[in-house]
Amino acid sequence: MEYKFKAEVKQVLDIVVNSLYTDKEIFVRELVSNASDACEKERFAKLSSKSEAPVSDFKISISTDEKANTFSIEDNGVGMTGSELVENLGTIAHSGSKAFINALKENKGELSNGLIGQFGVGFYSVFMVADKVDVYTMSEKGKGLHWSCDGSENFTIEDCDKSDRGTKIIASLKEEHKEFSNSARIKAIVEKYSSYVDFPIFINGEEQKNRQAIWLKTKSEVGDEQYDDFFKFQFHSYEKPLDHLHFQADAPVEVNALLYIPPENPEKFGFGKTESEVSLYCKKVLIDPSPKHMFPEWMRFVKGVIDSADIPLNISRESMQDSGLVMKLGKMVLKRFVKHLSELSKKDAKKYADVFRKFGIFLKEGAAIDFENRGELSKLLRFESSLFDNGELVSLDDYISRMKDGQKEIYYACAFDRAAIESAPYIEAFRSRGLEVLYLYDPIDSFLMGNLGEYSQKPFASVDSAKIDMPEAPLEAPKDENPISSENLEALKKWIKDTLGSDKVSEVLSGGRLVESPAAALNDDSMTPQMRAMLRAMNPSSALPPSIVKFEINPRSPVIKNLDSLRMRDESLAKLVLEQLFDNALLAAGLLENPRAMAKRINEILARVKPE
Ligand code: ADP
Ligand code: MG
């Protein structure tokens with residue numbers, strides 16, 4: 001008997017048949033998932049009818065025939081009766097195709113190729129590759145039936161001699177889609193999308209490796225080794241992951257998530273940004289291997305799977321991101337992940353420190369630019385500190401708990417490494433007052449501090465900043481036996497300022513910052529030395545405005561005392577020495593633009609040093 005498709009089906013078919021969309025392989029995923037659904041339905045019916053009959057061995061068999069150019073798939077699931085055939089394959093009652101139609105309406109019937117590809121459109125997707133489709137089916141309640149359609153507006157249903165329960169679909173492939181009658185090609189597609197389907201899948205008689213979707217199990221059912229093995233398989237890794245998080249939730253969206261922190265940071269080798277590898281499944285069937293916009297960028301180091309039965313199976317990619325569902329899902333999982341890290345940091349600080357050493361850079365990126373999660377991420381930050389040994393990490397909360405009376409700011413120093421920070425003149429002022437300083441070595445750190453601005457209402461302050469207001473803790477400096485008189489000191493400071501010029505130095509200070517070093521340049525600019533370095537790297541040819549510093553001298557230092565007496569005896573040499581001293585300070589501050597001038601000047605000074 002001949003039937004006409006409902007108008008909507010006709011519309012979908014037209015688009016599917018005529019689409020130039022390239023991702024045609026998804027029809028395999030759609031047919032396999034239908035077969036799996038059919039088996040699931042039958043299993044459920046058998047179990048709930050409490051019949052004594054054994055639950056049969058369900059299976060899905062795919063066969064390909066290159067000569068006949070066909071792709072067939074058979075299951076021993078529920079099958080369909082005549083009216084079910086008309087209803088299920090003749091109207092659009094199901095989720096995916098409905099969403100497709102809605103999108104179609106929203107776009108006033110205009111669908112770009114890209115948009116077509118966002119939908120699996122379920123069963124009908126087979127018409128992307130086939131010019132004729134035959135469905136042989138039998139339900140327990142009915143008889144053998146044969147549905148047939150050539151992609152036009154009609155389909156036929158006839159009796160046939162199928163005598164076992166289930167459904168067999170034979171797709172007669174279009175000549176240009178011959179590839180889908182190739183067994184190796186189909187094997188690869190099945191592996192990609194359907195590795196976790198519950199029922200055994202055979203391709204041309206050969207059973208495919210089924211994997212267990214361990215993310216759907218409860219935690220107590222899965223051992224550590226299984227978690228590790230799953231990671232190694234899924235992400236092609238030889239090494240165990242550092243850590244994992246497995247959780248289930250029902251609201252606001254149903255979700256099963258299994259996230260991993262990988263053994264290494266792949267970006268550390270400089271191969272550029274990694275792509276997120278958290279794939280999205282709906283009831284064990286892969287929907288999207290790397291959904292864009294599910295997570296903010298900084299989450300890209302996390303690997304894993306997220307499975308939600310609430311995602312309509314047939315919709316994929318961009319349409320889902322708009323649907324808001326994926327965003328909601330992403331948010332839920334992210335919150336849980338951040339909470340996990342925070343728990344880990346308390347439960348196992350050593351392991352957390354390990355995680356942070358490898359992946360802290362991503363958390364820093366998040367704290368710097370992911371405004372929504374900044375608060376939580378800041379708590380997860382760790383830094384080295386002047387009070388602890390190389391390699392030990394402290395949190396900002398630790399730091400605050402140790403702040404001195406009257407200390408208003410969180411002090412930090414940025415440089416390559418510990419030695420570079422400790423050899424610069426800045427730290428001594430803090431050290432001598434027993435003030436803790438955080439040591440920052442990542443290029444992103446000064447950017448991070450700038451963006452955060454403060455933590456727990458305590459502003460961050462770089463140790464080279466002229467704006468720091470030191471608390472009046474006792475300065476443990478060696479006693480000066482022979483101090484410069486305050487008149488001489490004022491005159492010296494004026495001479496220094498005049499000699500260097502106000503385009504370089506905004507002020508000359510002789511406060512109590514310095515202990516050992518003769519002088520230091522304090523940054524008085526809105527531009528930090530790190531920002532300068534970045535700008536210089538981005539555009540080496542354009543000159544930056546000169547940096548303006550406050551120049552702090554240490555009146556107790558013999559170098560400064562000598563300078564003071566030298567300027568009375570030989571002012572021109574004293575000027576050279578001062579310029580040298582100033583460049584030394586700029587060098588330590590990372591602000592020296594032209595180191596070559598320095599070498600030349602040193603030679604000049606050496607030439608003028610006369611033996612007594
Ligand atoms: P969905 O799977 O989202 O419901 P499909 O277009 O993939 O949409 O399938 C439409 C319907 O056809 C299914 O809901 C199911 O009732 C029926 N169907 C498809 N394939 C089979 C099958 N192999 N066995 C039994 N019923 C099937
Ligand atoms: Mg389906």
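Every number for a ligand or one of its atoms is a count from 1 in the order of the listing. These figures come from a predicted structure and were not determined experimentally.
Relative to atom 9 (O) of ligand 1, the option among Asn34, Leu31, Val32, Asn88 with the closest non-hydrogen atom is Asn34.
Looking at ligand 1, you'll find an N or O of Phe123 within less than 3.5 Å of one of its N or O atoms. Where the criterion is an N or O separation shorter than 3.5 Å, residue side chain and backbone included, Asp37 fails it with respect to ligand 1. Checked against a 3.5 angstrom limit, the closest N/O atoms of Glu30 and ligand 1 fall outside it. Some N or O of Asp75 is nearer than 3.5 Å to an N or O of ligand 1, by distance alone.
Residues Tyr227 and His246 place their aromatic rings such that the two centres sit under 6.0 Å apart. Aromatic pair Phe180/Phe71: ring centres not closer than 6.0 Å.
Between Asp307 and the options Tyr196, Tyr281, Trp215, a side-chain hydrogen bond (donor to acceptor under 3.5 Å, both in side chains) holds for only Trp215.
Relative to the ring axis of Phe247, Arg336 places its NZ or CZ within 45° and under 6.0 Å from the centre. With a 6.0 Å cutoff to the six-membered ring centre and a 45° limit on the axis angle, Arg300 does not count as a cation-pi contact of Phe362.
For ligand 1, the atoms sitting less than 4.0 Å from at least one non-hydrogen atom of Leu89 are 12 (O), numbered in the order shown with element in parentheses.
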#### Entry: Check against side chain to side chain donor-acceptor pair (under 3.5 Å), Glu25 and Tyr193
CA-CA 10 Å; Glu25 63 184 32; Tyr193 294 100; 2.9 Å; yes
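Judged by distance alone, with hydrogens and angles left aside, the side-chain atoms of Ser308 form a donor-acceptor pair with the main-chain N or O of Glu254 at under 3.5 Å.
The Mg ion (ligand 2) has an N, O or S atom of Asn34 under 2.8 Å away, backbone or side chain.
Under the 4.0 angstrom criterion for non-hydrogen atoms, Glu84 is not in contact with ligand 1.
Using a 4.0 Å cut-off between heavy atoms, Met80 contacts ligand 1 through its side chain alone, with no backbone atom that close.
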